[in-house]
Amino acid sequence: MNNPFQIGDTKVYQKLVTAADFARFDDGLVHAVCSTFSLAQAAEWAGRLFVLEMKEKDEEGIGTFLTINHKSPAFESETVTITATLKAVNGHEVICSYEARVRDRLVADGETGQKILKKEKLAKVLAPKTA
């Protein structure tokens, strides 16, 4: 793992809200706005942008935590801009805070954690356990 970043550096990811992002469960459509689940996935991707530049060829990232405070709706055809800010690097764990905005409106904020591990170790951790 290499770390070319400073605490406070940012990465930006933009997501166009489509009907595929709407809040849905087995009983159907809940709301025709971007779901918390979809925002969480975009927030994790924004933090992963740091990981992509930090991991070596024999390494991969894996999520360790995610918090999301969903503050306001993002509607279909709006672009959500997620700005991830590098908060800490603890060993091989990369921690970012983020804000998701549609223009000036805060849609969500929170933190993500991802750990960078050797692919070999990760394969062992993720291997199904046999009884």
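In this chain, numbering begins with 1 at the start of the sequence shown.
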Could you go through the side-chain contact (heavy atoms from CB on, under 4.5 Å) check for Gln41 and Lys15 one step at a time? CA-CA 10 Å; Gln41 187 176 34; Lys15 173 179 185 43; over 6 Å; no
Working for side-chain contact (heavy atoms from CB on, under 4.5 Å), residues Trp45 and Leu52: CA-CA 10 Å; Trp45 179 255; Leu52 292 174; 4.0 Å; yes
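Here the OH-CG distance, from Tyr98 to Leu86, works out to 16.0 Å after rounding to the nearest 0.5 Å. Remark: Asn2 CG to Glu59 CD distance equals 8.0 Å, nearest 0.5 Å. Note that the CG atom of Asn69 and the OG1 atom of Thr36 stand 10.0 Å from one another [nearest 0.5 Å].
The closest donor-acceptor contact from the side chain of Thr112 to the backbone of Glu44 lies at 3.5 Å or more, if one exists at all. A side-chain donor-acceptor contact under 3.5 Å links Thr64 to the backbone of Gly113. Side-chain N or O atoms of Arg105 include one that pairs as donor or acceptor with a backbone N or O of Pro73 at under 3.5 Å. A donor-acceptor distance shorter than 3.5 angstrom exists from the side chain of Ser35 to the backbone of Asp21, with no hydrogens or angles considered. Side-chain atoms of Arg48 do not come within 3.5 Å of backbone N or O of Val51 as any donor-acceptor pair. Side-chain N or O atoms of Glu111 include none that pairs as donor or acceptor with a backbone N or O of Ile95 at under 3.5 Å. Remark: the backbone N or O of Asn90 is not paired with any side-chain donor or acceptor of Glu93 at under 3.5 angstrom.
Among all heavy-atom pairs drawn from Ser77 and Leu16, the shortest one is O-CD1, 3.4 Å.
Heavy-atom neighbours of Asp26 CG from other residues, nucleotides or ligands within 6.0 Å: at or below the threshold of 12.
Taking 4.5 Å as the limit, some side-chain heavy atom of Ile62 sits within range of a side-chain heavy atom of Leu126. Side-chain atoms of Asp9 and Phe50, non-hydrogen and from C-beta on, do get closer than 4.5 Å to each other. A heavy-atom distance below 4.5 Å is not found between the side chains of Lys55 and Gln114.
Between Glu120 and Lys118 there is no salt bridge, since no side-chain nitrogen of the basic residue lies less than 4.0 Å from a carboxylate oxygen of the acidic one. The existence of a salt bridge linking Glu56 and Lys119 is excluded, since no basic side-chain nitrogen approaches an acidic carboxylate oxygen closer than 4.0 Å.
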